[in-house]
Amino acid sequence: QLQLVESGGGLVQPGGSLRLSCAASGFTLDYYAIGWFRQAPGKEREGVSCISSRDRSTNYADSVKGRFTISRDNAKNTVYLQMNSLKPEDTAVYYCARIKSVLATTSQAMCFMSPVSYDYWGQGTQVTVSS
């Protein structure tokens, strides 16, 4: 059974750090790009970061560049999102997702930030940045 499970969210003060994990099972992580997304109350889901499969190319939303780092450990079937210098506006539910199979070959060297490019999603983990 294909599954993505996020963990690592929580409450943190502004300026603090969290590391989110996305544990994959039921498929070979090596062949797929993975994206991180977030959704705040009353807002649309937005792309935060993504990482390609073969080349490990990355993309970041402008709002998180220089603060967030995405990485993957295929041996552990896990993708990480290191979040530093967190701001209150980073508060949201964070989701990881797997690229659609039809895009798997293309996403060997690049990845996509649009949610419509992804078809399998985790249940999300809450990140709250507040003093």
Side-chain angles (χ1 to χ4, degrees):
Q1 180 181 359
L2 194 155
Q3 197 171 13
L4 296 167
V5 179
E6 303 94 338
S7 61
L11 173 64
V12 63
Q13 292 186 343
S17 298
L18 285 173
R19 188 177 80 157
L20 304 184
S21 298
C22 172
S25 60
F27 68 98
T28 304
L29 183 65
D30 308 41
Y31 300 145
Y32 294 90
I34 299 292
W36 281 100
F37 301 83
R38 66 186 181 187
Q39 189 166 18
K43 294 188 176 181
E44 292 187 355
R45 190 168 297 189
E46 63 173 350
V48 175
S49 182
C50 63
I51 186 167
S52 69
S53 54
R54 182 191 65 201
D55 295 356
R56 304 194 179 200
S57 299
T58 58
N59 282 326
Y60 295 92
D62 287 343
S63 59
V64 307
K65 281 181 181 177
R67 301 188 297 121
F68 290 11
T69 303
I70 191 171
S71 61
R72 62 192 296 155
D73 186 339
N74 290 340
K76 294 184 178 180
N77 288 332
T78 303
V79 176
Y80 304 97
L81 185 67
Q82 178 67 42
M83 306 187 298
N84 299 329
S85 303
L86 282 161
K87 304 175 181 180
E89 50 264 43
D90 294 318
T91 295
V93 178
Y94 283 71
Y95 302 87
C96 64
R98 194 196 80 169
I99 199 82
K100 290 180 177 177
S101 294
V102 68
L103 296 173
T105 300
T106 303
S107 66
Q108 288 180 351
M110 60 183 293
C111 62
F112 305 91
M113 294 284 278
S114 172
V116 301
S117 299
Y118 298 79
D119 54 3
Y120 287 98
W121 294 78
Q123 83 289 347
T125 185
Q126 176 71 47
V127 171
T128 302
V129 185
S130 175
S131 55

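The figures that follow rest on heavy atoms only: side chains count, while hydrogens, waters and symmetry mates do not.
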Quick check for you: to the nearest 0.5 Å, what is the distance between [X] atom [atom1] and [Y] atom [atom2]?
X	Y	atom1	atom2	answer
Y94	S7	OH	OG	15.0 Å
E44	Q39	CD	CD	8.5 Å
R54	T105	CZ	OG1	9.5 Å
S107	I99	OG	CD1	5.0 Å

Any non-hydrogen side-chain atom of [X] less than 4.5 Å from a side-chain atom of [Y]?
X	Y	result
L81	V79	no
Q108	S53	yes
L11	Q126	no
P115	Y95	no
M83	R67	no

Look only at the side chain of N59 and the backbone of C111, and say whether a donor-acceptor pair between them is shorter than 3.5 Å. yes
Going hydrophobic residue to hydrophobic residue with side-chain gaps under 4.5 angstrom, can you get from V116 over to I51? no
Are M113 and Y120 connected, step by step, through hydrophobic side chains (Ile, Leu, Val, Met, Phe, Trp, Tyr) whose heavy atoms are closer than 4.5 Å?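 In one cluster: no.
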Would you please name every residue forming a salt bridge (charged side-chain N to carboxylate O under 4.0 Å, His left out) with R56, sequence neighbours left out? none
Salt bridge check: are D90 and K87 linked by an N-O gap of less than 4.0 Å? no
Could you go through S101 and R98, starting from their C-alpha distance and side-chain angles, then the distance that decides it, and tell me whether this counts as side chain to side chain donor-acceptor pair (under 3.5 Å)? CA-CA 9 Å; S101 294; R98 194 196 80 169; 3.1 Å; yes
Tabulate below the donor-acceptor pairs under 3.5 Å that side-chain atoms of residues 12-32 make, not counting sequence neighbours, or state none.
unit_1	atom_1	unit_2	atom_2	d
S17	OG	N84	OD1	2.9

Have a look at I70 and tell me which of V64, T58, V48 forms a side chain to side chain contact (heavy atoms under 4.5 Å, CB included) with it. T58
F68 ring center within less than 6.0 Å of W36 ring center: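 So the answer is no for these two rings.
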Heavy-atom count around E89 CD within 6.0 Å, excluding the residue itself: above 12? yes
For Y118 versus I34, what's the shortest heavy-atom pair and its separation?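 Nearest pair, atom of Y118 first, then I34: CE2-C, 4.0 Å.
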